[in-house]
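This report concerns only the one structure given below.
All figures in this text were calculated on a predicted structure; none of them were measured in a lab.
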Amino acid sequence: MAIGNHNCLVADVDRLLKNGFKQRNGDCRPPKSISSALQLLQVIFQSQSNEQFGGVAANHVDFTLAPYVQMSYDKHLKIAQEYGIEDAEKYAKDRTIAETKQAAESFYHNLNTVHTRSGDQLAFTSINFGRDTSWQGRLITKSLLEASIDGIGRYHTTSIFPISIFQHKKGVNDKPGTPNYDLKQLAIKSLCKRIYPNFANCVWTEANEDPDDIRTMFCTMGCRTMLGSDRFSDGKAIRDGRGNVSPVTMVLPKIAMESSSIDEFFIKLDNVIDIAARCMVERFRYITSQSKDSAPFMYGNGSCLGFDGENIYDALKHGTHALGFIGLSETLIKLTGKNHTDSETRKLGLQIVERINQQAKKYSEKYNLNFSCYATPAESCCHTIMTKLKKEYGSANGLFDHDYLTNSFHIPVYQNIDIFEKIDIESEFTKYATGGTITYVEVDGIPDRNPEAIETLINYAMDHNIPYFAINFPINTCEDCGHSDNTMGSECPVCGSGNIQHLARVTGYLSTDVKNMNIGKQEEVRDRKKHTKIN
C-alpha cells in the first residue's frame with residue numbers, strides 16, 4: 001500500500017456534481033444534463049481513485065442523479081415547445097429516456113477502459129442504487145441495470161466495474177406491490193447474467209439509518225467495506241464523504257497456535273488487538289501530518305466529509321479504522337477440533353468475533369477515533385500468511401494443508417454445506433462486523449433459467465440479517481467469437497477457439513481471469529463447493 005494514502009472512500013458525489021470541481025489544468029462546471037452528470041461521475045471516480053489505494057464508491061446514485069434527469073427533460077421539453085412538436089411532453093420523456101440509457105452505457109464502458117495512475121488497473125468503483133421511487137430516480141436504476149445486462153464492447157461482455165449494489169429495502173422494493181419491486185426483478189435479471197448487482201440489506205440491524213438524512217442511507221463498497229456510526233457527527237451513521245482510513249488484519253490461527261488454552265487465546269487476542277490499534281493510530285497520525293496537497297482532488301474539492309480548507313485531520317477523523325481478522329475456521333479447529341458449523345463450537349466463534357467488536361468500541365473511546373470490526377477480504381494475504389504459517393508450524397495435523405486461509409468467519413469453501421445453513425450460520429456473526437462483511441453462495445447450473453430460485457435466496461439472506469449478499473457462478477466467454485456461458489470449458493463449442501476468458505468473483509469483485517490471482521486464491525476457487533444447483 002502507499003504509505004501516505006488512505007484506503008477507500010464513499011465520495012460525496014452530490015456535492016461534487018452540485019458545485020463542480022477543479023482539476024490540475026482546469027475545472028469542471030456543474031452538469032446540466034444526465035449525460036454530463038454521468039460523464040463527470042466517471043471523472044470523479046477516476047480522480048479520487050488516483051489519490052488512495054483502495055476503492056471509491058457512491059451512495060444512492062439514483063437520488064443523486066435524478067435532478068440531472070429532470071434537467072435533461074426540461075431541455076428536451078423546451079426544444080419540443082420551440083419547434084411546435086405535437087405532444088411535447090411525450091417527446092421530452094422519450095428523448096430523456098434515450099439520453100439516460102446512452103449515458104449509462106458510456107459510463108460502464110468508460111469505467112472498464114480508463115486506467116488509474118498505476119497503469120495496469122481499472123479504478124475500483126462501486127455504485128449503490130434502487131430506492132428512489134421518483135420517475136427520474138427509477139430511470140437511473142433501470143438504465144444502469146440495463147447497461148449491466150447489455151455488457152460492454154463488441155461482444156457485449158460482462159463489465160468488471162462498477163460493482164453495482166442494489167439497496168434492498170422493505171416497503172420500497174422487496175416484494176410485489178412495493179413501488180420499485182420491478183427494479184428488483186430487473187436487478188435479478190442482471191445478476192443471473194452478470195453476477196452483479198450484489199444486494200445491500202438496508203434493514204440490517206446495524207444499518208442505523210436516519211430517515212431524515214439521505215447521507216445515512218446504508219450502502220457498501222464493492223469488496224465489503226461498510227461504515228458505521230461517526231463519533232464526530234453526533235453518532236450518526238453518515239456514509240457520504242467517509243471511508244476506511246486503514247485496515248489491519250489479525251491472524252487468528254497464529255494466536256491459536258501459540259495458546260495452550262482458550263483463556264490464554266483471549267489474553268493473546270486482546271494483546272494483538274492492542275498492537276493493531278496502535279499501528280492504525282500511528283498510520284493515521286502520519287497521514288494527517290501531511291499537507292492537503294498530498295491529495296489535491298479530495299481535499300481541494302470536498303469529496304470527503306469535514307475538511308476545513310487546511311487541516312486534513314478534520315476530514316479523515318470521520319473515517320474508520322478496521323480491525324480485520326482472518327481464519328476463524330482454522331482457529332476453532334485448533335482450539336476445539338471442530339469449526340463453527342458445529343453449534344457448540346460456534347458459540348466460541350461468536351465470542352471471538354464479539355471480542356474484536358467490543359475492543360473496537362474500547363479503542364474508539366481511548367483514541368477518540370472510529371474503530372470497527374472488519375471481516376477482511378484477504379485478496380493476497382490469505383496466501384502469504386498461510387505460507388508463513390506452514391513455514392513455522394508445518395501442516396499442523398492438516399490445519400495448514402491448503403495454500404490459503406479461510407476468509408474471515410466464512411464457512412470453508414471446500415466444505416459441503418446446505419445453502420440455507422451457510423446463510424444461517426454466517427448471519428449469526430454479521431452484527432459484530434460493523435466495518436464490513438460479505439456472505440456469498442456458490443450456485444451450479446444456469447441462474448437465468450430459474451430467477452425465482454435466485455430471488456428466494458436473496459429474500460432468505462435479507463430476512464436473516466445478512467448485510468451484504470452475493471451469488472457466485474462462473475462466466476466463461478470466448479474472446480474470438482463472443483460466445484458466453486457458465487459451462488464452457490477450455491474450448492468454445494461455437495468456433496472451437498481455446499481463447500477462453502474465465503470470469504469469477506474472487507473476493508467481493510470480479511476478476512478477469514482467476515489465473516492472474518495469487519496461488520492461494522487460485523486454489524480457493526478450485527476448491528469451492530457448490531451450495532445448490534439451479535436448473
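Here CZ of Phe297 is found 10.5 Å from SG of Cys304. Values are rounded to the nearest 0.5 Å. Distance check: Ile149 CD1 to Ser190 OG gives 5.0 Å after rounding to the nearest 0.5 Å. Atom CG of residue Leu111 and atom CD of residue Gln42 lie 5.5 Å apart, to the nearest 0.5 angstrom. To the nearest 0.5 angstrom, Thr430 atom OG1 is 4.5 Å from Asn465 atom CG. In this structure, the separation between CZ on Arg131 and CZ on Arg138 is 15.5 Å, given to the nearest 0.5 Å.
Using a 4.0 Å cut-off between a side-chain N of Lys or Arg and a carboxylate O of Asp or Glu, Asp210 and Lys236 qualify as a salt bridge. In this structure, Glu455 does not pair ionically with Lys189, as no charged nitrogen and carboxylate oxygen lie closer than 4.0 Å. Note on Glu365 versus Lys361: no salt bridge recorded, every NZ/NE/NH1/NH2 to OD/OE distance being 4.0 Å or above. A salt bridge is absent between Arg278 and Glu282: the closest approach of a Lys/Arg side-chain nitrogen to an acidic carboxylate oxygen does not fall below 4.0 angstrom. Classification of Asp270 and Arg355 as a salt-bridged pair holds, one side-chain N sitting under 4.0 Å from a carboxylate O.
The aromatic rings of Phe63 and His60 lie perpendicular to each other, with more than 60° between the two planes, well past the 30° mark. Using the six-membered ring where Trp is involved, Phe409 and Phe429 have ring planes that are parallel, under 30° apart on the 30 and 60° scheme. Between Tyr460 and Phe420, the angle of the ring planes goes over 60°, which puts this pair in the perpendicular group of the 30/60° scheme.
By the 6.0 Å and 45° rule, Lys422 stacks over the aromatic ring of Tyr440. The cationic atom of Lys431 (NZ for Lys, CZ for Arg) does not lie both less than 6.0 Å from the six-membered ring centre of Trp204 and within 45° of the ring axis.
Annotation: Gln39, atom CD; neighbour count of heavy atoms from other residues, nucleotides and ligands within 6.0 Å does not exceed 12. Taking a 6.0 Å sphere around CG of Asp234, one finds it holds 12 or fewer heavy atoms contributed by other residues, nucleotides or ligands.
Side-chain contact between Tyr108 and Leu38 is absent, with no heavy-atom pair separated by less than 4.5 Å.
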**OP:** Could you please spell out the steps behind the salt bridge (charged side-chain N to carboxylate O under 4.0 Å, His left out) verdict for Glu428 and Lys347?
**Re:** CA-CA 10 Å; Glu428 294 188 45; Lys347 294 177 183 178; over 6 Å; no
